[in-house]
Number of protein chains: 2
Amino acid sequence: MAKNRSYKLLCPIARALDRIGDRWTLLILRDLHAGPARFTELQRGLTGIAANLLTERLGKLVDDGLIEKGDGGHGAVVYELTDLGQQTSEIIFELAMFGAQFEPEGEVVAPGNLRTVATTLGAAAKRAAKPEMNFRAALKVDGEDISLDVENGQATAIYGSCPDPDLLFRTGYQDLLAVSEGDLAPDQFLREHSELEIITPGKEGEFTDLMSSIIGMINDQ
Amino acid sequence: MAKNRSYKLLCPIARALDRIGDRWTLLILRDLHAGPARFTELQRGLTGIAANLLTERLGKLVDDGLIEKGDGGHGAVVYELTDLGQQTSEIIFELAMFGAQFEPEGEVVAPGNLRTVATTLGAAAKRAAKPEMNFRAALKVDGEDISLDVENGQATAIYGSCPDPDLLFRTGYQDLLAVSEGDLAPDQFLREHSELEIITPGKEGEFTDLMSSIIGMINDQ
DNA sequence: CGGGATCCGTTACGATACTG
DNA sequence: CAGTATCGTAACGGATCCCG
């Protein structure tokens, strides 16, 4: 992996792990599924990854064609997923579904940013959205902006503010986790642990439908 | 992970990786999805994992409730998946789908046994089988037995011989890989790189249907 | 022979410091 | 901001040995 620790096995699973099985690598991809990001932004989301490790992992991901360096404006470098890198979406979503059932144990810490929320929500929405759905939702989770865009049932969630939204939804990260772990009932979450502000009347039904589907999908797995 | 290298992140993906993100762990689970296995059988399938590492990984998987020690008969210990461990099936299948597109590079080596084939085939069949399908297929891949059982569309593949099969299917591991990578056309694979022996007439249609669906699913992803 | 435990050299990781 | 350099520590990999 990092250097020469490939499994060298003639097996598709081993070949996948040779590319994304290193420590931190899947978490880096997780954050990039929420949209292009700068080096420092990634470092913050990974809470304490050493700079040299992040450098090495990014380099290997570029070499393997999963990500590429892009132009973030005024000379800034951003990393973003290639088409090949996008294909890890299903893997990451299944990991999230599997991991959501475990209680956080010991001294855990919230990530330095909420890109993980955008990724998980986006992957879930891709599966749960119905073809007739069309809306743009501006989410604020603990004050951080996430844009959820659904176009004819094609959902995309990006970490960042949403231009021209149909509605605004506020909640907290801890509340989202509680719902996904089954510790908080969906309707109680929607009634007491979040605020919904309607901008385009009529769109709020589609949004709450989608949220309910997502919560149901997570809980009954 | 191994000792205290948990990510300690409040994120479902990190919580999943704390359990199954260690080196070798997903490959161990891969082999166990093909049915219970003994220590030495696992060691062979993983081609060269050090005994101490396998011991440590198995111990952690038992502690985390993903696998358990069972009785393999005449005092033999076998490791097998718990219900929780079974839930990693989707993750492993998505890894296989992602990894199947890469050409093996450099000096790779075939795994010491073909449990990986049973796992990948089983996961694919679970998705591709239609509800009306019912058959038992005895597969021989490079002489190793894999049992594919489909009951009302519920597919299970186990590494081991199939009792009372409806048909017998022989092929080679390299041929299977070539098909899954798109280097060998499905119909050419079925005609020239495999043998089908019919035991219960009429069942061969269901089997080739399923195989075609699986190959199509892998290739157009 | 199966299922490990122990020891040891090598490699990767993690923290801090430093640089363009 | 975006990394590079250094270095102590922890994990890995290979071998050997042990016990039923």
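Only a predicted model underlies this, so the values are computations on that prediction, with no experimental measurement involved. Note on naming: letters A, B, ... go to the chains in the order of the sequence lines (proteins, then strands), and numbering restarts at 1 for each one.
Distances shown here put a side-chain N or O of B:W24 below 4.0 Å from the OP1 or OP2 atom of D:dG13. Side-chain N/O atoms of A:R38 include none lying less than 4.0 angstrom from OP1 or OP2 on D:dC1. Contact annotation: B:R5 does not reach the phosphate of C:dA12 (side-chain N/O to OP1 or OP2, under 4.0 Å). When the side-chain nitrogen and oxygen atoms of B:T40 are compared with OP1 and OP2 of C:dG3, one or more of them lie within a distance under 4.0 Å. The side chain of B:R23 contributes no N or O atom lying less than 4.0 Å from OP1 or OP2 of C:dA12. Put simply, A:Y79 has a side-chain N or O that comes within less than 4.0 Å of OP1 or OP2 on D:dG3. Side-chain N/O atoms of A:K69 include one lying less than 4.0 angstrom from OP1 or OP2 on D:dG3.
In this structure, B:L54 places its CG atom 8 Å from P of C:dG4, rounding to the nearest Å. Atom pair A:H74:NE2 and D:dA2:C1' shows a separation of 15 Å (rounding to whole Å applied). As a whole-Å value, the separation of B:D22 CG from D:dA10 P is 16 Å. Protein atom CD of A:Q43 is 10 Å distant from nucleotide atom P of D:dC1, rounded to whole Å. Counting to the nearest Å, the P atom of D:dA10 and the CG atom of A:L53 are 16 Å from each other. The distance between atom CD of B:E41 and atom P of C:dC1, rounded to the nearest whole Å, is 16 Å. Atom CG in B:L46 sits about 14 Å away from atom P in C:dG3, given to the nearest Å. B:I28 places its CD1 atom 11 Å from the P atom of D:dC12, with the value rounded to the nearest Å.
A tilted orientation is assigned to the rings of B:F39 and B:Y79, their planes being inclined by 30° to 60°.
Atom CD of B:E151 is surrounded by 12 or fewer heavy atoms from other residues, nucleotides or ligands within 6.0 Å. Annotation: A:D183, atom CG; neighbour count of heavy atoms from other residues, nucleotides and ligands within 6.0 Å is above 12.
Mapping B:L58 and A:I49 onto DNA chain C by nearest heavy atom places B:L58 closer to the 5' end of the strand.
Ranking D:dG13, D:dC12, C:dG3 by closeness to the B:R57 side chain, first place goes to D:dC12. Comparing D:dC12, C:dG3, D:dA2 against the side chain of A:F39 picks out D:dA2 as the nearest. Taking every side-chain heavy atom of B:A50 into account, D:dG13 is the closest of D:dA2, D:dG13, C:dG14.
Interface remark: the B:N52 side chain does not form any donor-acceptor pair with the C:dG4 base, using a distance-only criterion of under 3.5 Å.
A salt bridge does not link B:E197 to B:K140: none of the charged nitrogens lies less than 4.0 Å from a carboxylate oxygen.
Considering all non-hydrogen atoms of both residues, B:F169 and B:L196 come closest at CD1-CD1, 4.1 Å.
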